[in-house]
Amino acid sequence: MKVITGTIAMAVLAAFGSSADATPMMLEERAAASTNVTTGITDSSTVQPQANIPYLQGFSGGACDGNAGKKESVPSYGSTKIINLHNRHSVGTSPYCNGWYHATFCESAGCNSGRTFYTTINPSSCYNINTGWGVESVNIGCDEPDS
């Protein structure tokens with residue numbers, strides 16, 4: 001059994017609610033079966049880093065199913081972040097973006113060469129990456145975070 005402490009524990013408490021007996025210790029059972037009911041994304045390997053932070057998660061299946069990757073935070077206000085997708089076939093977005101997620105899917109890891117494809121993605125949605133070529137990474141940002 002792992003003991004979870006610090007900022008991550010507080011985010012878990014915020015995400016799953018707290019009660020008189022809910023403390024930062026031994027929250028692993030609650031996090032192990034977490035489901036984001038807004039997006040329908042289930043992932044037993046990661047917990048959202050902080051509440052109300054825009055994030056993206058890659059999946060091996062084309063409909064946000066199959067093997068789920070790590071939830072990666074997405075910057076806002078004109079900033080972007082390169083996230084390695086390792087040939088994922090779809091991505092799910094969190095509801096915590098007011099506006100659009102702006103994504104440039106890239107053929108190369110790090111988005112430093114090869115073909116690219118730009119699109120906008122709605123918050124709380126699943127996007128099937130169907131470019132006709134392997135996608136290794138995405139350069140993504142959010143218009144404005146949900147407050």
Side-chain angles (χ1 to χ4, degrees), residues 1-17 24 26-147:
M1 186 76 46
K2 292 180 183 176
V3 175
I4 303 172
T5 60
T7 305
I8 293 173
M10 294 302 107
V12 171
L13 283 172
F16 296 99
M26 301 196 190
L27 290 172
E28 189 172 22
E29 293 86 7
R30 293 176 92 174
S34 68
T35 300
N36 181 326
V37 292
T38 306
T39 61
I41 298 171
T42 302
D43 180 15
S44 61
S45 63
T46 61
V47 176
Q48 183 181 342
Q50 297 176 17
N52 298 338
I53 299 293
Y55 66 85
L56 173 116
Q57 184 174 28
F59 294 86
S60 63
C64 293
D65 54 357
N67 183 24
K70 178 183 169 191
K71 292 178 183 174
E72 295 277 354
S73 63
V74 174
S76 304
Y77 300 115
S79 296
T80 62
K81 176 181 180 179
I82 296 173
I83 299 171
N84 288 326
L85 294 176
H86 308 293
N87 208 23
R88 300 288 182 166
H89 296 281
S90 61
V91 293
T93 57
S94 75
Y96 308 115
C97 178
N98 285 329
W100 302 93
Y101 286 91
H102 297 270
T104 301
F105 293 98
C106 306
E107 184 176 37
S108 66
C111 288
N112 54 16
S113 64
R115 294 176 279 194
T116 61
F117 173 76
Y118 172 82
T119 190
T120 55
I121 305 172
N122 285 321
S124 295
S125 67
C126 176
Y127 183 80
N128 181 314
I129 306 168
N130 189 7
T131 60
W133 38 270
V135 171
E136 285 297 316
S137 55
V138 62
N139 190 359
I140 190 165
C142 168
D143 283 340
E144 176 182 332
D146 191 13
S147 52

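Note that OG of Ser73 is 7.0 Å distant from CD1 of Ile83, once rounded to the nearest 0.5 Å. Interatomic distance, Ile129 CD1 to Asn87 CG, rounded to the nearest 0.5 Å: 9.0 Å. To the nearest 0.5 Å, atoms SG (Cys106) and CG (Leu85) are separated by 9.0 Å. In this structure, Glu72 CD and Asn84 CG are separated by 8.5 Å, a value rounded to the nearest 0.5 Å.
The backbone N or O of Asn122 lies less than 3.5 Å from a partner atom in the side chain of Thr93, making a donor-acceptor pair. In this structure a side-chain-to-backbone donor-acceptor pair under 3.5 Å is present from Arg88 to Asn67. No donor-acceptor pair under 3.5 Å is formed between the side chain of Thr80 and the backbone N or O of Gly141. Side chain of Asn128 to backbone of Gly62: a donor-acceptor contact under 3.5 angstrom is found.
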Point to revise | Glu144/Tyr77 under side chain to side chain contact (heavy atoms under 4.5 Å, CB included): CA gap, chis, key distance, verdict | key: CA-CA 5 Å; Glu144 176 182 332; Tyr77 300 115; 3.7 Å; yes
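Contact detail for Cys142 and Asn98: the closest heavy-atom pair is SG-N, 4.4 Å. The shortest non-hydrogen separation linking Val138 to Ala103 is CG2-CB, 3.7 Å. Taking each heavy atom of Phe105 and Trp133 in turn, the nearest pair found is O-CH2, 3.8 Å. Heavy atoms only, all atoms of each residue included: Val91 and Gly58 are closest at CG1-CA, 4.1 Å. Pairing each heavy atom of Ser108 with each of Ser137, the nearest pair is O-OG, 2.5 Å. The two residues Thr104 and Cys111 have their closest heavy-atom pair at O-SG, 4.2 Å.
His102 meets the side-chain hydrogen bond (donor to acceptor under 3.5 Å, both in side chains) test with Tyr118, Asp143; sequence neighbours excluded.
Side-chain contact annotation: Ser94 with Tyr101, donor-acceptor N/O pair under 3.5 Å present.
For residues 108-137, the set of pairs meeting the salt bridge (Lys or Arg N to Asp or Glu O under 4.0 Å) definition, not counting sequence neighbours, comprises Glu107-Arg115.
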